[in-house]
Amino acid sequence: MKLYFSPGACSLSPHIVLNEAGLPYELVRVDLKSKMTEGGDDFRRVSPKGYVPVLRLDNGEILTEGTAIVQYLADLRPETRLAPPAGTLERYRLQEWLNFIATEIHKPFSPFFNPQTPETQRESQKQRLGERFGLVVASLDGHDYLMPQGFTVADAYLYTVLAWAPGVGLSLDPWPALRSYMERVQKRPGVAAALAKERAVKKGG
Ligand SMILES: N[C@@H](CCC(=O)N[C@@H](CS)C(=O)NCC(=O)O)C(=O)O
């Protein structure tokens, strides 16, 4: 399998899951501005959506949308318990988290990455995200991870998007439980390896 990614982007989530699942994969870096891959291919010919993450399966099929990709990967290795079995209530709980992270945390970060966004909108977005962070903290109460079973693909995704907060001027200090959650997640070997790889790629230019 090939994961099309950009260092530090939301493609970090499936990158973490590939490691946690112990699956073999190749990484293909994408320049999100030029829409070119590191090999000089037009990324829009890989996926007309033009955004990462994109997974190319060994049979050549293309899978997009982070929440679908991470569940696909988890289901390849059910014994790693990165996702509860399909059809169970627990699986819908996982999907509840994935959708919450995608729509209530991931996308509300988007205005911060647009230099045209006015300061007033940035402040209101910070407040909105803060309210969502409060909901996450309440759910984490007494748990190491989002789901009672332990680390799942939802944690890979939550970690990825929360890691953007300090860079956009949104300190996690008011939510100590989130800070300790981030520290806990990034100590996992699969997470640490993905972070080290993406930092090295970014440093290399
Ligand atoms: N709906 C997509 C959104 C993915 C997304 O927002 N990707 C960003 C990076 S975090 C991107 O590639 N942006 C470049 C662009 O949209 O041109 C998903 O959930 O996978």
Side-chain angles (χ1 to χ4, degrees), residues 1-21 23 25-57 61-76 82-83 91-92 94-117 121-122 125-126 128-129 132-133 136 146 152-170 182 185-186 191 194-195 197-199 201-202 205:
M1 284 181 291
K2 278 186 187 165
L3 177 69
Y4 292 81
F5 84 112
S6 175
C10 48
S11 43
L12 174 64
S13 165
H15 187 182
I16 289 171
V17 173
L18 282 159
N19 286 349
E20 290 278 342
L23 290 160
Y25 64 94
E26 278 172 56
L27 291 173
V28 181
R29 186 179 183 173
V30 178
D31 182 327
L32 292 175
K33 284 206 181 97
S34 67
K35 306 290 177 199
M36 298 295 285
T37 70
E38 61 187 335
D41 296 322
D42 179 356
F43 179 52
R44 286 194 193 279
R45 295 189 70 165
V46 177
S47 167
K49 290 177 173 173
Y51 53 67
V52 293
V54 170
L55 189 70
R56 187 190 287 277
L57 311 187
E61 279 205 49
I62 292 293
L63 189 62
T64 63
E65 301 302 318
T67 57
I69 292 172
V70 293
Q71 290 183 77
Y72 173 80
L73 296 173
D75 287 342
L76 292 177
L82 288 164
R91 182 59 168 256
Y92 296 106
L94 177 82
Q95 290 170 346
E96 193 176 18
W97 272 121
L98 289 171
N99 198 60
F100 177 82
I101 298 162
T103 59
E104 302 297 329
I105 303 183
H106 178 173
K107 282 298 138 180
F109 265 105
S110 300
F112 295 109
F113 301 122
N114 177 0
Q116 313 293 333
T117 302
Q121 194 188 340
R122 285 172 192 270
Q125 283 300 100
K126 279 184 191 171
R128 180 187 162 91
L129 277 166
R132 305 305 186 249
F133 293 173
V136 173
L146 291 172
T152 65
V153 297
D155 296 297
Y157 192 18
L158 181 62
Y159 174 85
T160 295
V161 295
L162 288 181
W164 299 334
V168 303
L170 181 51
M182 296 297 278
V185 172
Q186 70 198 19
V191 178
L195 286 173
K197 175 75 188 170
E198 297 207 5
R199 281 182 190 139
V201 168
K202 201 166 186 171

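Counting starts at 1 for both ligands and their atoms, in listed order. Count residues from 1 along the sequence. In this text the structure is predicted, and so the values were computed from the model without any measurement.
Scanning all protein heavy atoms for the shortest distance to atom 6 (O) of ligand 1 gives Lys107 NZ, 2.8 Å. From the protein, the heavy atom lying nearest to atom 9 (C) of ligand 1 is Cys10 SG, 3.5 Å. Scanning the protein heavy atoms around atom 7 (N) of ligand 1, the nearest turns out to be Val52 O, 2.8 Å. The shortest contact between atom 1 (N) of ligand 1 and any protein heavy atom is with Glu65 OE1, 2.6 Å. With respect to atom 20 (O) of ligand 1, the closest heavy atom belonging to the protein is Gly66 N, 2.9 Å. For atom 15 (C) of ligand 1, the closest non-hydrogen atom on the protein side is Lys35 NZ, 3.4 Å. Of the protein's non-hydrogen atoms, the one nearest atom 11 (C) of ligand 1 is Tyr51 CB, 3.5 Å.
In this structure, Ala102 falls outside the shell of residues with a heavy atom less than 4.0 angstrom from ligand 1.
Here is the list of ligand 1 atoms found below 4.0 Å of a heavy atom in Pro53: 20 (O).
Put simply, NZ on Lys197 and CG on Leu12 are 13.5 Å apart, with the number rounded to the nearest 0.5 Å. Considering CZ of Arg44 and OG1 of Thr37, their distance stands at 13.5 Å, rounded to 0.5 Å.
Residues satisfying the ring pair (Phe, Tyr, Trp, His ring centres under 6.0 Å) criterion with Trp164, sequence neighbours excluded, are His106, Phe109, Phe113.
Residues Arg122 and Pro111 are not in side-chain contact: their nearest non-hydrogen atoms beyond the backbone lie 4.5 Å or more apart.
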Worked verdict on Glu38 versus Tyr4 for side chain to side chain donor-acceptor pair (under 3.5 Å): CA-CA 10 Å; Glu38 61 187 335; Tyr4 292 81; over 6 Å; no
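Under a cut-off of 6.0 angstrom, the local environment of CZ in Arg128 is crowded, with over 12 non-hydrogen atoms contributed by other residues, nucleotides or ligands.
Here His106 has side-chain heavy atoms under 4.0 Å from ligand 1, and that is the only part of it that gets that close.
With respect to the salt-bridge test (charged N to carboxylate O, under 4.0 angstrom), the residues Glu26 and Arg56 do not qualify.
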